[in-house]
Structure formats: C-alpha cells, structure tokens
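Labels below follow one simple rule: chain letters A, B, ... track the order of the sequence lines, proteins then strands, and each chain is numbered from 1.
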Amino acid sequence: EHDKKAKKRKHEYEEDEEDELLGSVFFFSVMGCVLLFVVFRWEEERYTDGSKWRFLEHKGPVFAPPYEPLPDKVKFYYDGKPMKLSAPAEEVTTFFSKMLDHEYTTKDIFRKNFFKDWRKEMTSEEKSKITDLNKCNFSEMSEYFKTQSEARKQMSKEEKQKIKEENERLLQEYGFCIMDNHKERIGNFRIEPPGLFRGRGDHPKMGMLKRRIRPEDIIINCSKDSKQPKPPPGTKWKEVRHDNKVTWLASWTENIQGSIKYIMLNPSSRIKGEKDWQKYETARRLKKCVDRIRTQYRDDWKSKEMRIRQRAVALYFIDKLALRAGNEKEEGETADTVGCCSLRVEHIKLYPKMDDQEYVVEFDFLGKDSIRYYNKIPVEKRVFKNLQLFLENKQPEDDLFDRLNTSILNKHLQELMDGLTAKVFRTYNASITLQQQLKELTCPDDSVPAKILSYNRANRAVAILCNHQRAPPKTFEKSMQNLQTKIDEKQNQLSAARKQLKAAKADRKASRDEKSKKTVEVKRKAVQRIEEQLMKLQVQATDREENKQIALGTSKLNYLDPRISVAWCKKFGIPIEKIYNKTQREKFAWAIDMAEKDYEF
DNA sequence: CTGCCGACTTGTCGATAGGGAG
DNA sequence: CTCCCTATCGACAAGTCGGCAG
C-alpha cells in the first residue's frame with residue numbers, strides 16, 4: 001500500500017505542480033483496523049507560495065577561536081633584528097609563516113597583496129619600520145608552528161579523545177536546527193577562520209587578508225516564533241530577520257570579493273533533497289524534448305541573423321560537450337577562466353582537415369577552478385563554417401560569441417522548455433550517459449566486483465564528459481606498486497594452493513580414506529577463495545589505473561540521477577553500500593526510497 | 001540592456017579518521 | 001595493538017542564474 005501511495009505521489013509530483021497538502025502521518029480505518037502510514041519527508045507537503053519553511057530555529061554559528069599571541073621566545077626578525085609586533089600585525093604574520101612551504105608565497109602577486117593587507121593591520125610605528133617584505137624573517141615562527149603540529153600528532157589517546165568529545169558536543173549543540181517538523185543537520189555551522197586568501201589558478205587577489213568574522217557581521221535568519229540564537233556575551237548580531245523565502249540560517253559578507261556567504265543545511269535535509277529531486281525531474285523533462293531542441297538549433301545554424309547562429313552553435317557545444325554556460329566575469333577580480341558563452345577567439349583552433357578527420361575544432365581553455373579543458377572534436381560542416389564566420393576580423397582576445405551571453409541564451413532556453421537553462425544539459429547528458437553506459441557494460445553473469453568495475457567505468461565516462469579531472473594523487477605510483485606486490489603474492493599463494501590440492505588429490509587416490517577426501521575438499525575451497533581474492537585485487541588495480549586522472553565524486557554527487565544507480569543496484573543485486581557511502585546514502589535517501597529496479601531516467 | 005546583488009549549486013583539495021594488514 | 005593507507009569529510013572557492021534598479 002505504501003509503495004502504491006509513494007508511486008502515486010511521485011506521479012503527482014512529476015506531472016502536476018499543484019500538489020495537495022499532506023501531513024507526516026496518516027490514519028486510515030479499514031474494516032475496523034487502524035492503519036498507519038508514515039510518509040517520508042520527501043513526500044510531504046511543499047509550499048506553493050515560494051516560502052521554504054514555516055518554522056526555523058537554530059543556535060547560530062560557531063566562531064573561530066580568538067587569536068592566541070605567540071610565546072615571547074618565538075621571534076620575528078626585521079632586517080636581522082628581533083621585533084615584537086602588536087597582536088593584530090602578529091596574527092597576520094602567523095598566517096603567512098604557516099604557508100612558507102607553499103610555492104605561492106614566492107609569487108609576486110601573493111607577496112604584494114599580503115604585504116599591502118598586512119600593513120593595514122600594523123601600528124603606525126610598525127608601518128614606518130617595516131617597508132620591505134624581503135627583509136622579514138618568519139622562520140622562527142614557521143618552525144614553531146611545525147613543532148606545534150608535530151606535537152598535536154603526538155598527543156596521547158586521552159587528549160585526542162577529549163578533543164573529539166568537544167567537537168561532538170559542539171556538533172550536537174550547534175550542528176542541528178529545527179525546520180518545520182524536523183531536526184536537520186546543518187552543513188557548515190562554523191564560521192571560516194581568518195587567513196590569507198589563496199584562490200584557485202592565477203588569482204589576482206591571492207595573498208589578501210581574509211578578515212575575522214565577528215557577530216556584528218552576521219545576519220541571522222529564523223522564524224519569529226522560534227527561540228532566537230544568542231550572540232556571544234557582549235556582542236550583537238548585525239541583524240535578525242525572518243525571511244522564509246530563503247533557506248539560509250545565517251549570512252555574512254566576505255571581504256575578498258564582497259560576496260555573501262551562507263550557513264545552510266546539509267544535503268541530507270528535506271530542503272536540499274527536494275531541490276535535488278526537482279533538478280533531475282527537470283533534466284528528465286529535457287529528455288522528452290531534446291530531439292526537438294536539437295532539430296531546432298541545427299536549423300538555426302542557417303539563420304540569417306548572426307545572434308541566432310551564435311546562439312545555436314553555443315548551444316550545440318553545451319549539449320555535445322557538456323560545457324558550462326560561461327557567465328561574464330569582472331576582469332582583474334578573479335582568475336581568467338571561461339565557459340561556453342565567454343569563450344574567446346584564442347581558445348579555439350580550426351582544422352579543416354586533421355589526420356583522417358574533417359572539420360576539427362580544438363578547444364584549449366581554463367574552465368571553472370582553472371581546470372584546463374582540452375579537446376579536439378570533429379564537428380559538422382555547418383558548425384565549422386559558422387565558427388570561421390564568427391572568427392572573421394577578430395583579435396585573439398575578442399569574444400567568440402560576441403552577440404551572445406548567458407542571459408540571452410537562458411531566455412531562449414526558457415522559451416523552449418519551462419525551467420530549461422544551460423546547466424540542465426550537463427545534468428541531462430551526464431545522467432543519460434550513465435544509464436546508457438550501465439546498460440552497455442553490465443554483464444548479468446559477472447561477479448559483484450566485476451559489476452562494480454562496470455559501474456565505475458560508466459561513472460568514468462560521465463566524468464570524462466564533464467571534464468572532472470584531478471591531479472594524480474601524490475602517492476599514486478607507490479600505491480599502485482603496493483597493489484601489484486599484493487597481486488604477485490596472491491599469485492604465488494594461488495600456485496602453492498593449487499600444488500597442495502594436486503597433492504591432496506593424489507593422496508586421496510592412493511589411500512581412498514575419508515580423511516584424504518576431506519583434505520581435498522578443504523584444499524579445493526582454499527584454491528577457490530584465493531582465486532576470488534586475486535580476481536578482486538586485479539579488478540581493483542584496473543579500476544585504480546583507469547581512474548588515475550579522473551575524479552568520479554563530483555559527477556556522482558551533482559550530476560547523476562541517483563535513482564539510476566539505485567535501480568541498477570536492485571536489478572543486479574548489488575548492495576547499495578558498494579556504490580554510495582554513508583554520507584551519500586543520506587543525501588540520496590529520497591532516491592533509495594523511491595526507485596525500483598525498472599526505473600528509467 | 002547592463003551592472004550588480006542575492007541565493008544556491010558545483011568544484012577541488014588537504015587533513016584525518018578509522019579500517020585492515022602485519 | 002600499532003602502523004599505514006586510503007576513503008571520507010569539511011573547508012572554502014567558484015560557478016550558475018534570476019531579479020531588480022537605473
């Protein structure tokens with residue numbers, strides 16, 4: 001009954017945006033029996049007026065511990081002479097000295113930004129004395145921190161246990177909130193401590209001081225009828241508001257980019273889970289009309305209007321290559337990275353012929369997080385001709401799509417399908433690829449580890465599509481070697497076990513007694529077990545090798561409809577724990593509950 | 001239309017907990 | 001039980017996208 005109910009509700013969710021309201025527990029009386037229905041959270045009411053909750057209560061954020069001045073024996077030297085710094089100036093030097101081992105502290109921009117911000121924290125006296133970063137010697141401080149972290153590692157079990165308990169206490173007190181009728185885990189209830197901003201890639205602001213956040217910087221969001229969080233003694237919140245049109249519990253403005261940071265709920269929460277579900281439903285709606293959209297953009301390649309041609313070619317890239325939309329960015333504020341709409345002439349090369357292929361486009365640019373996207377793909381002639389046209393009379397630093405931006409593109413997409421935006425294509429193509437690859441790669445007769453290898457390969461296909469690369473782990477070669485050693489050992493074990501089996505068989509032939517018969521059985525089992533272990537190790541080695549430069553996590557967490565994986569597990573009898581770890585199972589609880597083995601994305 | 005803001009998702013990476021081998 | 005190693009998790013950065021004012 002419950003399944004039926006769940007399916008019905010699923011149906012309603014997918015087909016009908018106007019949903020009736022339900023409570024969390026139902027009582028039905030059938031033939032004198034009282035039946036109780038527990039309704040899962042993701043099947044509960046959703047608000048239709050844009051509000052996200054009715055009741056919200058929490059304890060506010062946890063602040064970074066205050067600065068502890070260095071012991072007097074640890075000295076900072078300027079121009080070879082020891083110098084005692086004021087606490088604010090000293091704190092900033094500790095950030096720098098902790099980073100001394102990193103290459104980026106040698107970079108000009110980093111040093112320049114750091115020095116500029118450091119000087120702002122100095123007293124006027126310090127300011128007039130300290131004028132050259134190169135004359136600063138932080139090595140004693142650096143040594144001190146290294147010793148400290150060594151000491152932390154050497155702490156006794158009891159001390160470590162104490163710290164753990166304290167963390168647990170903090171988690172219990174501040175890590176949860178009540179939203180509507182549920183206790184929910186908060187994602188990041190700790191305020192980021194001050195430090196030096198690093199940024200990714202070639203960031204113009206690297207080295208700047210990320211300042212300490214105080215209660216006076218924090219806006220609290222909770223419901224009027226809740227017990228409001230108390231600021232630390234002697235302080236005040238910047239503001240307490242009661243805005244139930246948003247999901248965050250607290251926010252503050254960060255000083256590097258001037259952007260707002262939020263405290264929000266954990267992915268396991270109702271509010272995040274529902275949104276996630278919705279995202280995949282939008283992608284599934286795209287599945288239904290993607291053919292039509294593809295026909296249309298191919299048609300648009302022939303348009304009389306330049307802007308339409310550009311739009312159509314960009315959309316083709318977004319669809320075929322799973323590129324990101326590519327918003328414009330303020331120059332000099334962030335690293336120079338691009339997405340589809342912000343591609344520049346210098347980022348592509350056209351080859352009318354390359355090897356045995358025609359109309360090849362070579363992409364080479366830095367995308368999100370300054371991860372390089374490099375790809376050579378043959379495109380259709382019409383796309384190629386259009387690209388040549390777009391490139392005419394342009395400089396390398398000019399925009400490839402000068403008549404297009406993400407806002408124009410998304411407005412167009414919105415007209416093609418309700419809720420359609422550029423990023424939906426990434427979700428759609430990722431999920432459909434997983435489903436199709438799983439179909440292709442899974443052999444029903446394979447062992448469980450072999451099936452999991454197939455799953456990872458399907459996952460890998462998606463990660464490659466989305467360009468989720470990673471730097472090979474520093475210990476990669478070594479751990480590969482270790483694994484190989486293990487495999488070799490297993491192989492030796494196996495041949496030894498086989499020899500023993502053979503001997504046992506011979507013995508049985510000779511003596512024909514019960515005992516020798518038993519020995520044969522035991523030895524046979526041993527061989528079998530070792531064979532299995534060997535196979536497992538070999539599969540593991542293959543998997544790891546293929547995964548060297550590819551990160552599976554991001555696509556698994558953000559792009560793959562979890563119901564595909566759940567259905568696959570059910571279909572092939574794979575325990576879900578083999579695919580999703582604990583955190584992931586919590587995040588995807590909605591999918592685990594609702595997907596059957598015949599689920600189709 | 002443009003720039004900016006606000007909210008929310010997506011992304012990488014390093015620290016570390018805890019599981020398994022010896 | 002200890003040590004080693006890796007999977008996991010949190011930190012925090014960097015995207016997307018919609019809305020609004022001028």
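- In terms of phosphate contacts, A:Thr337 brings a side-chain nitrogen or oxygen within less than 4.0 Å of OP1 or OP2 of C:dG15.
- A:Ser407 comes within 4.0 angstrom of no nucleic acid atom, judged by non-hydrogen atoms across all strands.
- At whole-Å resolution of the value, NZ in A:Lys587 and C1' in C:dC9 are 14 Å apart.
- Listed pair A:Ser259 / B:dG6 fails the phosphate criterion, with no side-chain N or O lying under 4.0 Å from OP1 or OP2.
- Where A:Leu196 and A:Gln584 meet DNA chain C, the nucleotide closest to each residue was compared, and A:Gln584 sits on the side nearer the 5' end.
- Distances shorter than 4.0 Å separate none of the side-chain N or O atoms of A:Arg198 from OP1 or OP2 on B:dG14.
- Side-chain contact, A:Thr427 with A:Lys279: no donor N or O sits under 3.5 Å from an acceptor N or O.
- Between A:His203 and C:dA13 there is no side-chain N or O to OP1 or OP2 distance below 4.0 Å.
- In terms of modelled atom types and a separation under 3.5 Å, the side chain of A:Lys272 and the main chain of A:Leu265 share no donor-acceptor contact.
- A:Tyr262 comes within 4.0 angstrom of a base, heavy atoms only.
- Between the A:Trp53 side chain and the A:Val246 main chain, a donor and an acceptor come within less than 3.5 Å of each other.
- A:Ala551 comes within contact range of no nucleotide atom at all, as no heavy-atom separation falls under 4.0 Å.
- The distance between atom CG of A:Asn581 and atom P of C:dT8, rounded to the nearest whole Å, is 4 Å.
- Under 3.5 Å, the side chain of A:Lys368 and the base of B:dT10 form at least one donor-acceptor pair of N or O atoms.
- Both A:Ala325 and A:Lys582 sit near DNA chain C, but only A:Lys582 has its closest nucleotide nearer the 5' end.
- Within the 4.0 Å cut-off from OP1 or OP2 of C:dG15, at least one side-chain nitrogen or oxygen of A:Lys329 is found.
- When ring centroids are compared, A:Phe363 and A:Phe317 come within the 6.0 Å threshold.
- The distance between atom CG of A:Asn188 and atom P of B:dT10, rounded to the nearest whole Å, is 16 Å.
- Checking B:dG11, B:dG6, C:dA13 against every side-chain atom of A:Lys210, the shortest atom distance belongs to C:dA13.
- Put simply, A:Lys52 has no side-chain N or O that comes within less than 4.0 Å of OP1 or OP2 on B:dA7.
- Ring geometry, A:Trp590 versus A:Phe588: the interplanar angle exceeds 60°, so the pair is classed perpendicular (tilted spans 30 to 60°).
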